[in-house]
Structures are given as structure tokens and as C-alpha cells.
Amino acid sequence: GAGVSQSPSNKVTEKGKDVELRCDPISGHTALYWYRQSLGQGLEFLIYFQGNSAPDKSGLPSDRFSAERTGGSVSTLTIQRTQQEDSAVYLCASSLVTTTGELFFGEGSRLTVL
Amino acid sequence: KQEVTQIPAALSVPEGENLVLNCSFTDSAIYNLQWFRQDPGKGLTSLLLIQSSQREQTSGRLNASLDKSSGRSTLYIAASQPGDSATYLCAVASSNTGKLIFGQGTTLQVKP
């Protein structure tokens with residue numbers, strides 16, 4: 001597609017359930033990033049991928065969070081046993097090259113944990 | 001640890017004014033600095049990317065400058081319009097970690 005695509009755009013779930021958020025980057029972009037934006041907060045770095053590997057997972061808030069990327073393309077962010085504090089907008093971005101490239105963001109997935 | 005600060009947090013101006021948004025960062029070891037715009041409920045749109053070797057970039061009514069040694073960048077918006085109303089974020093790509101670190105943003109309102 002022309003831009004970064006994220007799904008679902010909105011997800012409401014009950015505390016304790018698992019959720020999966022999907023990111024489809026711009027074709028050919030090797031770098032993929034996940035950020036979290038809580039209400040009234042800035043963007044919190046979660047993880048980035050260079051190809052299929054994740055050099056830096058230090059931003060993941062807890063071991064309930066995991067992410068994978070297959071085929072150097074689509075990425076999935078999984079949150080297990082969701083908590084209310086996980087409620088936020090999860091933004092995905094891609095870049096042609098890591099660090100030096102312009103970042104293009106998707107519209108985000110808004111997660112609400114009841 | 002890289003920290004990015006944006007001042008002011010909010011700004012309201014009448015239409016037609018020229019304005020400056022400020023961004024400062026604590027670690028000058030950066031690959032680049034990028035300015036984004038975010039409309040309510042939307043993702044981020046890239047406005048300007050300045051590589052560490054560059055001093056400024058221009059796009060239309062926008063001009064961004066970078067002074068790496070002092071850890072500062074400014075985004076200049078000329079002849080502001082109501083459609084410029086949004087939150088503007090700056091982000092630096094740290095050359096030590098490769099991460100893109102964001103400021104908290106400046107929320108701009110341009111009144112007709």
C-alpha cells in the first residue's frame with residue numbers, strides 16, 4: 001500500500017485478555033518501529049526491527065509485551081493478560097533505513113482495556 | 001540519556017502571524033532531527049528531516065533549523081493559517097542507541 005497500515009484501528013477488551021495489533025509497513029522499508037502514546041503523554045518507544053531482527057527491545061514495558069516481524073514486512077505486537085494501564089494508542093512507523101531515514105507513521109491502534 | 005524538550009507546550013496565535021516552535025535535546029550525538037505534525041486522533045505526519053550535517057531544511061511555509069552543538073532546533077511557520085492548528089513534535093535519532101526520542105510536543109492553535 002501507499003502508507004503504513006495498522007489494524008485494528010480500535011480495540012476494546014477486558015482486563016486479562018490477550019490482544020494482537022498488526023502493522024503493515026510501506027513496501028521496501030527495512031526498519032519498523034512501535035511506539036505507545038498514552039492520553040496526554042508523549043510517544044514512548046517500545047521496539048524497533050531492522051529486517052526481521054529486533055536489535056533493541058528495551059522499551060517493552062513488561063514481559064507481557066512481545067513483538068515479531070516476519071518476512072521483513074508485517075509486524076505483530078502482542079499484549080498478554082492486558083491491564084488497564086495498557087490503554088493507549090499504539091503507533092507503528094517504518095523507514096527505508098534505520099536511524100537516518102524519514103519515519104512514516106500509521107494512524108495507530110487505539111486500545112481500551114476495561 | 002537523551003532527553004528532548006519542547007517549549008512552549010501550547011501556543012495560540014491569530015491567523016497570519018509568523019511563529020517559532022522550539023526543541024532542545026541534551027545529547028548532541030544524533031543522526032538526525034525530525035519535525036512531525038499530529039492532528040487529533042491521527043497518526044504523525046513527517047514535516048521536515050534534518051540530517052546531523054545539515055543546518056536547515058525548508059518546505060513551503062515551514063523552515064526548520066538545527067544547531068547540534070547547542071542542542072537546539074526551531075521550526076518556523078510563516079503566515080500561519082487555521083489549518084496549521086495541530087500538535088507539533090520533534091524527535092531526535094540518537095547515534096548512540098539508534099532510537100528516535102520524541103519531545104512532548106507543542107499544541108498550536110491558529111485563530112481565524
Side-chain angles (χ1 to χ4, degrees), chain A residues 1-7 9-10 21 23-26 29-51 53-60 88-112, chain B residues 1-10 21 23-27 29-54 57 59 62 64 66 68 86-107:
Chain A
V4 178
S5 178
Q6 291 188 247
S7 62
S9 55
N10 277 287
L21 307 177
C23 173
D24 201 340
I26 293 173
H29 280 196
T30 60
L32 186 147
Y33 301 79
W34 283 99
Y35 285 86
R36 178 167 72 173
Q37 188 173 37
S38 303
L39 188 63
Q41 301 293 315
L43 270 77
E44 176 188 3
F45 170 84
L46 298 178
I47 189 171
Y48 89 89
F49 290 89
Q50 178 60 37
S53 64
D56 189 346
K57 301 179 182 179
S58 64
L60 295 177
V89 176
Y90 290 81
L91 292 163
C92 175
S94 71
S95 173
L96 192 57
V97 293
T98 311
T99 65
T100 58
E102 186 176 4
L103 225 59
F104 296 87
F105 278 82
E107 295 282 296
S109 291
R110 180 177 298 277
L111 174 65
T112 303
Chain B
K1 178 185 173 185
Q2 177 74 271
E3 293 183 0
V4 181
T5 304
Q6 291 187 246
I7 295 173
L21 307 181
C23 173
S24 61
F25 47 97
T26 55
D27 186 351
I30 65 170
Y31 281 119
N32 61 46
L33 183 145
Q34 200 165 348
W35 281 93
F36 295 87
R37 168 186 173 138
Q38 186 174 31
D39 292 286
K42 300 291 187 180
L44 279 69
T45 300
S46 177
L47 297 174
L48 290 164
L49 170 68
I50 311 177
Q51 300 294 350
S52 62
S53 58
Q54 298 175 323
Q57 284 287 337
S59 175
L62 305 179
L66 174 63
K68 202 172 69 165
T87 296
Y88 291 81
L89 297 114
C90 73
V92 296
S94 172
S95 55
N96 293 325
T97 66
K99 292 180 189 177
L100 200 66
I101 307 298
F102 281 81
Q104 294 287 321
T106 294
T107 299

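Predicted model, so just to flag it, every value in this text is computed and none were measured. Naming convention: chains lettered A, B, ... in sequence-line order (proteins, then strands); numbering from 1 in each chain.
Only the side chain of A:Q37 comes within less than 4.5 Å of a heavy atom in chain B; its backbone stays farther off. Heavy-atom distances place no part of B:I30 under 4.5 Å from chain A, backbone and side chain included. Both the backbone and the side chain of A:L103 have a heavy atom closer than 4.5 Å to some heavy atom of chain B. Only the side chain of B:Q38 comes within contact range of chain A, judged by heavy atoms closer than 4.5 Å.
Taken to the nearest 0.5 Å, the CG atom of B:L44 stands 12.5 Å off from the CZ atom of A:F104.
Closest approach of B:G41 and A:R110 over heavy atoms only: CA-NH2, 4.3 Å. Nearest heavy-atom pair across B:Q104 and A:G42 is OE1-N, 3.3 Å.
A:Y35 places a side-chain N or O within 3.5 Å of a backbone atom of B:L100 that can act as its donor or acceptor partner.
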